[in-house]
Amino acid sequence: MHAHVIGDRAVRTALNAYEAVARPGRRSRRHTVTHLELVHPDDYGRFARAGVVASMQLQWAMPTSFTSDALRPCIGPERYARLYPAQSLARAGAWLAGGSDWPVDPLLPFTQIATAIDRSNPESRRTSCTTPPREPCGRADGPI
């Protein structure tokens, strides 16, 4: 199964569904949750325990006026600080996968990799981050 989710409640609902249909002793299925803009910290470890792949389109973590000016006031500072928690998911043992979301977004793999590593926007050279410095996947954090 492959679920598209954005918010923390949708992530939790997808994880609940995958856990509800799990059958001990049966061949592993690689269920996937994709997009994962916002995940509640209580759910980070659930990805690893349930064997669910966290598929992230980390080009969306790139600094833009939308994330800083439009999104932050709607979700508040606490949730805004947890956007695109790739590093937290990886540290909790989740399998991470990267995706472009093409054809919705341009197919620019090197831009997506750069944004995943340090949350930079190579096209604009803007240095401010949409997420805290703890969330980028550094080069040593393992596969994305």
Side-chain angles (χ1 to χ4, degrees), residues 1-68 70-72 74-124 126 128-144:
M1 299 268 296
H2 181 83
H4 287 239
V5 301
I6 297 293
D8 46 9
R9 183 175 178 184
V11 170
R12 182 164 290 164
T13 299
L15 289 171
N16 289 345
Y18 291 151
E19 290 170 346
V21 298
R23 301 282 189 271
R26 293 195 68 185
R27 194 174 98 195
S28 173
R29 290 170 172 66
R30 291 285 181 211
H31 297 303
T32 303
V33 179
T34 193
H35 301 319
L36 299 167
E37 183 174 1
L38 190 60
V39 180
H40 192 278
D42 291 348
D43 294 325
Y44 296 158
R46 292 179 67 197
F47 281 84
R49 289 191 300 274
V52 173
V53 176
S55 175
M56 304 183 85
Q57 291 66 42
L58 290 170
Q59 75 272 15
W60 297 341
M62 163 185 316
T64 67
S65 61
F66 171 75
T67 55
S68 60
L71 184 59
R72 186 186 315 208
C74 292
I75 65 173
E78 187 273 329
R79 293 174 90 204
Y80 183 81
R82 295 189 283 111
L83 288 177
Y84 302 103
Q87 189 177 77
S88 293
L89 287 164
R91 286 188 174 160
W95 285 78
L96 298 183
S100 67
D101 208 36
W102 183 85
V104 174
D105 273 1
L107 186 57
L108 299 170
F110 293 110
T111 297
Q112 293 153 359
I113 291 167
T115 304
I117 290 171
D118 64 9
R119 301 301 165 100
S120 66
N121 181 343
E123 268 77 58
S124 74
R126 186 173 170 187
S128 64
C129 291
T130 61
T131 57
R134 66 179 174 77
E135 286 303 336
C137 284
R139 290 174 182 90
D141 287 330
I144 298 174

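Nothing here was measured: the structure is a model prediction, and the numbers come from that model.
Judged by distance alone, with hydrogens and angles left aside, the side-chain atoms of His31 form a donor-acceptor pair with the main-chain N or O of Met1 at under 3.5 Å. The backbone N or O of Pro77 sits nowhere less than 3.5 Å from a side-chain atom of Arg72 that would complete a donor-acceptor pair.
Contact detail for Leu36 and Ser55: the closest heavy-atom pair is CD1-N, 3.8 Å. Residues Ala48 and Ala92 approach most closely at CB-O, 3.6 Å, considering heavy atoms.
Using a 4.5 Å heavy-atom threshold, the side chains of Arg79 and Leu38 count as touching. No side-chain heavy atom of Thr115 sits less than 4.5 Å from a side-chain heavy atom of Tyr84. No side-chain heavy atom of Trp60 sits under 4.5 Å from any side-chain heavy atom of Leu83. At a threshold of 4.5 Å between non-hydrogen side-chain atoms, the residues His35 and Val5 do not count as touching. Leu108 places none of its side-chain heavy atoms less than 4.5 Å from the side chain of Gln59.
For the side-chain hydrogen bond (donor to acceptor under 3.5 Å, both in side chains) test, no residue two or more places apart in sequence or in another chain qualifies with Glu37. Scanning for side chain to side chain contact (heavy atoms under 4.5 Å, CB included) contacts around Arg12 gives Asn16, His40, Asp42, Asp43, Arg46, with sequence neighbours left out.
Residues Gln57 and Thr34 bring a donor and an acceptor atom of their side chains to less than 3.5 Å of each other.
Counting only residues at least two apart or on different chains, no salt bridge (charged side-chain N to carboxylate O under 4.0 Å, His left out) pair has a member in residues 47-62.
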